[in-house]
Amino acid sequence: MTFDVRLLDSTYSVNQKDDGVSEVIVKLFGKTRENKSITILCPDFKPYFHVFEPSPALLKAFKDSPDVLSVEDVTLEYKGSQEKFAKVSVRAPWMVPKFRGQYELKHKTITLVDPPEELVEKLRAEPDVLEVSVLNGGVKVSTEDRVYSQKLINRYGLIAYMDEEDAEKFHTKGVFFAADIVFTNRFIYDHDLETCVRVSGDLMERSNEYTTDLLLKASRFEKCDIFTPKLKILSFDIESSIKYNNIYCICLTVINEEDGSRQDRRIFSEFGARELKISAEEQKARDEDERRILKEFVREVRALDPDVITGYNINNFDLAVLFERANKLFGKGGGKPDEEKKRQSNDELGFGRDTLGMSRRENRTTGFVTWDVKGRLILDGWLSVKKELRPKREGLGYVSTMLFNDTKDNIDSSHMDDEWQARKDEVIHYCLKDADLALRILTHPRIQAISKLMDVAIPAKLPVKEVSGGQNRMIESLLIRMVDREKVAVPMSSGEVYDYEGGFVYDTKPGLWEWVIGLDFSSMYPSQVIKHNICFTSFTKNKAEAAHTSPVGAMFLPTEKRHGIVPRMVEGLLTSRKQAKAAMKKAKEEGNLEQADYYNRLQNAIKIMANATYGYFGTKFCRWPYNRYIAPSITAWARDEIKTVVTTLESRGYTVIAGDTDSVFFTSKEHRDLEKCKLLGFTVQQEFSAGNMHLELEKVMIRFFAHAKKRYFGKIIWPEESLLVRGYEPRRTDSFDLQSETMTKVFQLVLDGKPEEAVNYAKDTVHDTIKGKVDLPRLVISKSVNEFDSYDNPGSLVHVNVAKKLQEMGYDFTPGMKTPFIITNGSAQPQKAEPVIEGVQFTARPDYKYYAERLAMALARITEPFGCDERALIQGNSQRSLEFFCDDKPAPKAEAPVHGANVKKVKQTATLDMFM
DNA sequence: GACTGTGGCCGTGGTG
DNA sequence: CACCACGGCCAC
């Protein structure tokens with residue numbers, strides 16, 4: 001049988017065969033072109049890793065180990081040279097980290113005791129030796145990395161000249177390569193699988209072990225066309241007692257995209273609210289009842305067999321509740337012996353596509369918790385909303401109202417025990433409603449969380465679950481395949497952190513400007529990689545060979561000599577993005593909007609990957625040790641590129657107003673209409689576009705205002721009329737609506753050439769605010785609150801205090817979630833505020849004076865150039881120097897109508913007492 | 001075994 | 001009052 005499969009997830013198991021030999025089976029989970037769920041079993045794939053020139057002692061250790069299946073000699077490229085490696089295959093995937101822990105060489109500086117003079121001379125002559133220093137009785141030899149130390153040890157038998165302690169460090173040790181690649185990814189890379197694959201094999205009888213429609217033993221993989229199957233999505237919500245932790249009900253709703261059908265399940269306790277003192281019998285009966293609830297949940301999910309499990313804030317709440325209750329009521333459950341504490345699982349929660357339980361993983365540094373079941377994606381609706389929508393508030397009710405004008409039922413979640421006692425049926429309805437809202441959010445056209453993951457998986461060539469973990473997986477997926485194919489060694493990341501310089505930001509010339517032309521380089525960083533052949537395979541230290549020397553001194557070979565893997569990969573991405581864009585255009589012209597939307601998401605996914613490639617080389621977990629040359633070289637060349645444009649434009653008498661990394665905004669006194677600006681823009685575009693660098697005329701603005709770096713707004717008139725705002729409060733999620741709305745209005749008035757109206761509008765709004773003539777919702781401020789103990793001084797931060805207060809009131813606190821509040825005393829230190837809770841009337845009095853001052857501060861940055869500073873906004877008396885601004889005057893003779901030089905910097909703190 | 005990067009603004013609280 | 005560090009969020 002042959003199936004086309006969209007891969008969703010992968011895992012493996014190790015089986016003991018009858019003859020005592022263990023067999024590793026890779027399991028792939030996916031959905032067929034016919035929308036059937038499938039488990040694919042792939043036997044006979046062996047875990048392996050590479051070791052650089054293992055010493056005879058290490059080689060013997062490998063060969064003597066019963067866990068080692070084979071040791072082969074291979075030649076791989078490392079730092080531009082062909083080197084000898086051993087490929088070591090082992091019995092089970094977990095043995096790879098085991099061997100690494102036992103035999104990995106961790107040191108590189110060699111200390112020799114009384115070595116013969118001629119040996120020292122030989123070492124000095126070695127090209128790989130950085131330094132040989134003689135200190136009392138010993139000789140210290142340092143090299144660039146462990147590979148070269150190992151080489152010297154092997155070549156000169158240096159172990160014999162070490163003291164016991166040092167010999168221990170180097171004896172029976174080796175430099176490991178590719179020993180940290182997740183085993184199932186290793187399988188995917190080696191078989192060059194992509195997110196969609198045609199698989200042939202024997203169909204097996206379905207067993208209870210797997211929940212999928214199909215179970216296939218694979219014998220062959222081939223390429224197949226991309227397709228997007230219809231998925232089954234399950235959303236669930238749990239209501240539980242905050243006081244006693246017991247679960248009252250779990251509600252699920254499942255949609256099958258194939259036919260749009262919906263199914264609901266309500267699983268709930270037979271008991272009423274728990275009370276503080278209960279008999280041992282009741283406790284026992286309640287526990288049994290709750291075990292039934294958990295088992296029923298698992299049974300239902302297995303029977304429904306969804307591809308995706310979602311809910312709102314399930315990562316921090318619902319899944320944690322399941323896990324804790326299962327641990328409490330069933331005992332700790334399985335947990336395989338080879339696993340460490342960082343990953344825990346509970347086998348009773350076996351609602352994945354195999355029989356293993358749900359597992360928990362916690363990021364050590366951020367504390368961020370993720371959950372996993374095999375074969376199904378777990379997506380948190382809250383995280384998707386945060387990422388795609390960036391709403392000012394993140395509560396389920398607020399988001400639902402915003403997206404589809406529907407909201408939560410009215411149940412007081414801070415008193416769940418009382419609610420359960422008083423109106424059980426309504427709580428169950430509320431619970432199902434929350435599950436329903438979460439499901440609708442995840443699939444909402446503005447979010448489309450699943451579709452986006454499916455799309456990103458295409459260029460990344462990975463199972464969908466892999467791409468939800470971060471960008472580096474996607475980059476490595478492409479990179480490692482190419483690197484392997486070309487027999488280049490895959491090092492493990494050193495974890496080294498280093499700082500380097502980023503993009504160039506032009507010091508903005510503040511003020512209001514007319515006829516501003518904006519250009520930017522398309523894909524600046526990827527283009528630099530291509531232009532200068534920047535790669536770990538083309539990096540050289542040989543001046544004579546180098547074709548490109550970056551401003552930070554790194555040298556790269558010419559393309560003809562060695563076309564780097566990274567430039568080729570990036571080129572591939574840019575090319576396929578171009579193709580996706582063309583396909584989108586075509587689909588649009590043919591009126592196929594759904595397909596156009598698909599290609600739009602695809603081109604966007606590719607763009608993200610192309611840009612993330614640069615970022616990958618700047619991280620501490622980048623595998624290639626040249627990373628400290630690659631990212632800094634990319635940014636340095638990019639700085640040169642944009643600075644060249646800026647200085648050239650300035651040398652011609654144009655006024656550059658702003659620029660950031662790959663963009664430039666400028667104006668010319670001779671170009672005061674659209675046609676002239678476009679012509680000039682296109683001329684500049686032409687002049688600075690060469691090879692693979694494309695400077696593009698992006699927009700012409702009739703008016704443009706800026707007061708600082710990364711803070712500007714403008715009225716675009718070409719290619720399409722629109723309002724452009726960057727950095728200012730309307731873009732920020734931590735500003736209050738009154739502030740965002742007032743500023744947007746002021747921006748429009750300024751851009752329409754009505755500064756007087758803008759100033760008056762600003763004053764009026766400030767005055768209305770002082771008088772309290774403003775709706776409460778427009779004063780809500782919302783800020784993210786992290787884990788309390790992550791702060792230096794949590795008590796001094798108003799938003800953290802509000803979150804603490806909410807927690808004390810009985811609401812669950814989620815680190816990272818925005819907390820909405822209204823300031824009630826802005827002059828207290830720390831400021832005082834009251835939380836804003838969905839469905840609860842806000843009764844406190846806002847500190848209107850505080851809001852008026854915040855508003856005035858923000859507005860003053862815009863009105864200041866027109867002679868109206870913060871004090872004036874509040875006092876309402878200054879009208880001076882408005883003549884600076886005009887829209888009926890002829891085009892200004894020199895430079896701009898208003899310029900930074902004309903504006904007095906007035907910095908003062910206003911108080912309302914001045915006029916009250 | 002998770003994990004893109006640097007540059008920048010601005011409100012706030014703390015210090016001298 | 002000037003200055004600094006922290007924290008949040010944004011531009012690219």
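Protein chains get the first letters and strands the later ones, always in sequence-line order, with residue 1 at the start of each.
- Between dG8(C) and Asn786(A), a contact under 4.0 Å exists linking OP1 or OP2 to a side-chain N or O.
- Proximity of Tyr791(A) to the phosphate of dG8(C): a side-chain N or O atom is located under 4.0 Å from OP1 or OP2.
- A salt bridge does not link Asp372(A) with Arg360(A): none of the charged nitrogens is closer than 4.0 Å to a carboxylate oxygen.
- Dashed line: the shortest gap from a side-chain N or O of Arg732(A) to OP1 or OP2 of dA11(C) is not under 4.0 Å.
- With respect to Asp737(A) and Lys392(A), a salt bridge is recorded, a charged nitrogen being found less than 4.0 Å from a carboxylate O.
- Close to dC10(C), at under 4.0 Å from its OP1 or OP2, lies a side-chain N or O of Thr733(A).
- Here Lys818(A) reaches the OP1 or OP2 of dC9(C): one of its side-chain N or O atoms lies under 4.0 Å away.
- For dC9(B), neither phosphate oxygen OP1 nor OP2 lies less than 4.0 angstrom from any side-chain nitrogen or oxygen of Arg861(A).
- In this structure, Lys710(A) pairs ionically with Asp660(A), as a charged nitrogen and a carboxylate oxygen lie closer than 4.0 Å.
- At the phosphate of dG8(C), neither OP1 nor OP2 sits under 4.0 Å from any side-chain N or O atom of Lys783(A).
- Contact annotation: Ser784(A) side-chain N/O to dC9(C) OP1/OP2 distance is under 4.0 Å.
- For the residue pair Ser477(A) and Tyr189(A), the shortest heavy atom distance occurs at CA-CE2, 3.6 Å.
- Summary of the strand contacts: Phe621(A) and Gly503(A) both lie near DNA chain B, and taking for each the nucleotide with the nearest heavy atom, the more 5' one is attributed to Phe621(A).
- Comparing dG13(B), dA11(C), dG7(C) by their nearest atom to the side chain of Pro830(A) picks out dG13(B).
- Residue Gln831(A) places at least one side-chain N or O under 4.0 Å from the OP1 or OP2 atom of dT12(B).
- The pair Arg100(A)-Asp180(A) fails the salt-bridge criterion, with no side-chain N (NZ, NE, NH1 or NH2) lying under 4.0 Å from an Asp/Glu carboxylate O.
- Contact annotation: Arg390(A) side-chain N/O to dC10(C) OP1/OP2 distance is under 4.0 Å.
- Contact annotation: Tyr506(A) side-chain N/O to dC12(C) OP1/OP2 distance is not under 4.0 Å.
- Residue Asn793(A) places at least one side-chain N or O under 4.0 Å from the OP1 or OP2 atom of dG14(B).
- Taking only side-chain nitrogens and oxygens, His799(A) never comes nearer than 4.0 Å to OP1 or OP2 of dG7(C).
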